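Read the structure below first, then the notes.
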Number of protein chains: 2
Amino acid sequence: MSQPEQLPARPTIKSVARHAQVSYQTVSNALNAPERLRPDTLTRVLRAVEELGYRPTQAARNLRLQTTRLIGFRSTRSDGQGVSSIESRFLYALTSAARDRGYGVILFAADGDEDEIAMFEDLVSRGAVDGFVLSGSHRHDPRTAWLAEREVPFVSFGRPWEKTSFDYSWLDVDGHAGTVAATEHLAANGHRRIGFIGWPEGSEVGDDRYAGYLAAAADLGLPTRGLTVRGLDGIGAGTQLAAGLLGKAHPPTAFVCVSDAMAVGAMHAIEHRGLAVGRDVAVIGFDDSPLATVVQPAMSSVRQPLESIARRCVDLLLDRIDDPRSAVLTSVVEPTVIARGSSNPDHPSPPDGA
Amino acid sequence: MSQPEQLPARPTIKSVARHAQVSYQTVSNALNAPERLRPDTLTRVLRAVEELGYRPTQAARNLRLQTTRLIGFRSTRSDGQGVSSIESRFLYALTSAARDRGYGVILFAADGDEDEIAMFEDLVSRGAVDGFVLSGSHRHDPRTAWLAEREVPFVSFGRPWEKTSFDYSWLDVDGHAGTVAATEHLAANGHRRIGFIGWPEGSEVGDDRYAGYLAAAADLGLPTRGLTVRGLDGIGAGTQLAAGLLGKAHPPTAFVCVSDAMAVGAMHAIEHRGLAVGRDVAVIGFDDSPLATVVQPAMSSVRQPLESIARRCVDLLLDRIDDPRSAVLTSVVEPTVIARGSSNPDHPSPPDGA
DNA sequence: GTGTTTCATATGAACGTTCAAATGGATAGA
DNA sequence: TCTATCCATTTGAACGTTCATATGAAACAC
């Protein structure tokens with residue numbers, strides 16, 4: 001904290017103009033319609049811009065252009081159950097993708113749907129954002145209707161789980177295809193008795209993944225009766241559910257799990273039984289969360305291509321922002337199986353000692 | 001997508017004025033200096049505001065007030081190792097805290113320090129934010145100097161790990177105090193041989209936590225020789241490190257762990273040895289991540305009060321934004337031990353079956 | 001009835017941009 | 001040499017606020 005030495009004030013378009021000996025509108029033209037300038041003035045102006053480090057003030061362009069170049073996204077309280085690393089990976093991807101298109105992401109905390117809508121209301125009425133990216137769609141989701149009614153541009157990461165009277169753009173990961181791929185992966189490794197550890201019936205995402213497992217098993221002619229268990233998410237729950245199946249007369253030799261936490265639990269149960277994960281019993285999780293690479297052996301998992309989803313969310317949203325009548329697009333992208341030790345017969349259980 | 005029925009345009013201060021039969025500046029006064037209005041006009045204007053649902057346009061006030069009411073925060077690529085649930089919990093808390101003070105949080109993706117500074121440059125030169133909240137301070141951190149030099153308001157969550165020629169406000173969790181409390185907690189439960197599972201030497205946070213363990217042990221007259229092991233973070237690593245200690249002649253009866261991932265690994269090793277977590281060998285982790293409640297038995301952990309830290313970060317930052325000469329404040333807040341089954345003698349290992 | 005005070009409301013200007021339209025100087029055609 | 005054409009540049013206005021200041025009506029004292 002030395003003496004109050006004045007920092008140079010942030011340059012405005014006028015100071016650049018003075019510096020380049022032109023009127024300030026010419027500077028504006030240099031930046032927004034360079035073809036209107038004579039080449040020599042253009043370079044002169046651009047050099048002045050460079051020298052002063054001028055960047056147009058956001059607030060002024062916002063006011064003038066009636067836009068904010070900001071996208072709203074809800075920050076979830078990940079406090080509760082579940083390792084929601086998906087959210088944070090998606091958030092990073094979304095932020096990068098937005099930035100590449102010259103947009104920023106403004107985050108808002110909201111606890112439930114109503115709370116989130118209140119935030120929409122606030123942000124929209126103040127003109128603080130150009131649009132929203134939604135996530136975590138679910139049945140009876142009031143958010144989409146609210147936004148559609150007010151013609152606020154938005155895109156949803158997460159499909160609609162029921163019919164709506166309006167259309168909107170959304171992207172989603174094909175959970176069904178994910179568990180199909182997981183099941184096929186295990187079958188390709190020689191497994192015939194493949195179990196499924198899922199969430200209780202009623203969750204859209206969970207039911208979708210379960211259906212994929214059933215479909216793949218039916219397709220491959222594999223048994224499923226007595227091989228599926230469902231319970232609340234968690235490592236402990238996964239352990240208990242897996243232990244239950246392993247204790248049966250004809251236990252599964254592989255598990256498709258609805259989440260990585262369940263899968264870690266299953267690995268735990270397998271080892272507790274003295275079996276080797278990967279060699280004796282294979283496991284595959286879902287989401288490819290940090291958990292997957294932090295366990296030993298590393299866990300196979302179904303990975304959602306969040307980066308490309310985020311990018312496409314931004315693309316779709318900006319299309320709508322640029323032209324509110326732009327086409328409504330929806331697409332389901334397929335996740336990919338990331339094969340690691342937990343589903344690899346050559347990969348033994350972790351060593352016992354140090 | 002019905003007919004192009006025109007939505008009512010967003011009300012401006014002028015439309016409110018027309019509606020309330022006053023000039024538009026009176027509306028401004030009603031909102032910003034209500035004591036200047038006669039009570040009856042005030043209510044009339046406020047009713048008009050209410051009826052039209054008027055909210056001042058953000059961009060216009062930004063321009064006029066030379067402020068954005070936006071705080072910048074870096075979104076980390078949590079892609080790599082480690083379950084960085086801390087980040088996302090902090091982010092939620094920060095966003096709520098900011099909102100309570102009328103500020104928003106704008107997120108930006110950055111990969112390293114240089115990249116982050118480039119984002120600072122961008123946001124600051126465009127006047128897109130009023131200040132920053134930093135996180136993840138480390139040795140040779142160039143970010144603080146950059147911001148301080150340009151007199152950009154900021155607050156750091158994370159202490160400076162070296163002397164700087166300038167001062168700035170920061171908050172941090174006292175990792176030292178955290179492991180002291182953890183060690184004391186285990187000692188209070190009757191443990192005498194308490195081991196430590198840490199990160200390799202050289203990480204600021206890890207060394208701090210290690211030092212706390214050593215200090216508490218010395219204070220309590222407990223042995224530490226041959227009871228500490230260090231390695232890269234991870235569940236698998238925790239298992240191996242703990243297994244190493246448990247295999248010794250005089251194994252520890254309790255573990256203080258530098259992270260929850262390490263602690264989960266330790267629990268794993270304990271059970272693998274046929275011992276009961278909590279009853280036979282106690283474990284306590286650090287950070288109280290979702291992992292802690294997802295394992296069985298639930299894991300004791302040292303919890304950082306991220307919510308209050310976020311709130312204080314916002315308070316300090318806004319002080320600086322309001323008055324750049326406001327006092328520089330630093331404070332270290334003590335984390336608290338959250339005792340759960342893994343350090344509770346009455347809590348046995350998980351059931352074997354379903 | 002005139003002059004002063006007081007208070008509620010209105011006027012003017014500015015924040016920094018961008019866009020539409022006007023200016024003015026050069027070049028070319030008659 | 002005078003006018004038409006063209007192009008680079010400038011002028012004017014607007015986006016929606018807030019702040020400083022001016023106006024004007026009522027209330028009061030003389």
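These numbers were taken from a predicted model, which means no experiment stands behind them. A, B, ... follow the sequence lines: proteins, then strands. Residue 1 opens every chain.
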Worked verdict on S331(A) versus R312(A) for side-chain hydrogen bond (donor to acceptor under 3.5 Å, both in side chains):
CA-CA 10 Å; S331(A) 81; R312(A) 294 175 66 181; 2.9 Å; yes

Using a cut-off of 6.0 Å, state whether more than 12 heavy atoms not belonging to R10(B) lie near its atom CZ.
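Count over threshold, so yes.
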
CD (E50(B)) with more than 12 external heavy atoms under 6.0 Å
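No, CD of E50(B) has 12 or fewer neighbouring heavy atoms, counting only those of other groups under 6.0 Å.
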
Looking at every heavy atom in both L31(B) and P56(B), which two are closest together, and how far apart are they?
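Scanning both residues completely, I find the closest heavy atoms to be CD1-CG, 4.4 Å.
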
Quick one: sort the F90(B) and F157(B) rings into parallel, tilted or perpendicular, breaks at 30° and 60°.
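Tilted: the ring planes of F90(B) and F157(B) meet at 30° to 60°.
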
Could you check which residues of residues 29-51 of chain B get a heavy atom under 4.0 Å from DNA chain D? Sort them by number, please.
N32(B), R36(B)

CG-OG distance between L91(A) and S75(A), expressed to the nearest 0.5 angstrom:
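L91(A) atom CG to S75(A) atom OG measures 7.5 Å (nearest 0.5 Å).
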
dist I13(A):CD1 -> S23(A):OG (nearest 0.5 Å) comes out at 9.0 Å

Determine yes or no for a side-chain-to-main-chain donor-acceptor pair under 3.5 angstrom, with [X] supplying the side chain and [Y] the backbone.
| X | Y | answer |
| --- | --- | --- |
| D172(B) | V332(B) | no |
| R126(A) | R55(B) | no |
| R159(A) | S137(A) | no |
| R320(B) | S326(B) | yes |

Report the end-to-end axis angle of the helix from dG1(C)-dC30(D) to dA30(C)-dT1(D); each axis comes from five terminal pairs, and the value is rounded to 10°.
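Overall, the helix from dG1(C)-dC30(D) to dA30(C)-dT1(D) bends by 70° from one end axis to the other.
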
Against L107(B), only a single residue in T95(A), L94(A), I71(A) fulfils side-chain contact (heavy atoms from CB on, under 4.5 Å); can you say which?
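With L107(B) as partner, side-chain contact (heavy atoms from CB on, under 4.5 Å) holds for just one option, T95(A).
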
Do you know which of F166(A), F73(A), W146(A), Y168(A) makes ring-ring contact (aromatic ring centres under 6.0 Å, His included) with F154(A)?
Y168(A)

Please name all residues satisfying side chain to side chain contact (heavy atoms under 4.5 Å, CB included) with D100(B), sequence neighbours left out, ordered by chain then number.
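Applying side chain to side chain contact (heavy atoms under 4.5 Å, CB included) to D100(B) gives R311(B).
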
Dump the intermediate steps for side-chain hydrogen bond (donor to acceptor under 3.5 Å, both in side chains) on D130(B) and T67(B), then the final yes or no.
CA-CA 6 Å; D130(B) 289 348; T67(B) 191; 2.7 Å; yes

What are the bounds, 5' to 3', of the part of DNA chain D that sits under 4.0 Å from heavy atoms of chain B?
dG16(D) to dT21(D)

Stretch residues 56-66 of chain B: residues that reach within less than 4.0 Å of DNA chain C through a heavy atom
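By residue number: L63(B), R64(B), Q66(B).
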
Contact check, residues 10-18 of chain A vs DNA chain C, heavy-atom distance under 4.0 Å, returns T12(A), I13(A)

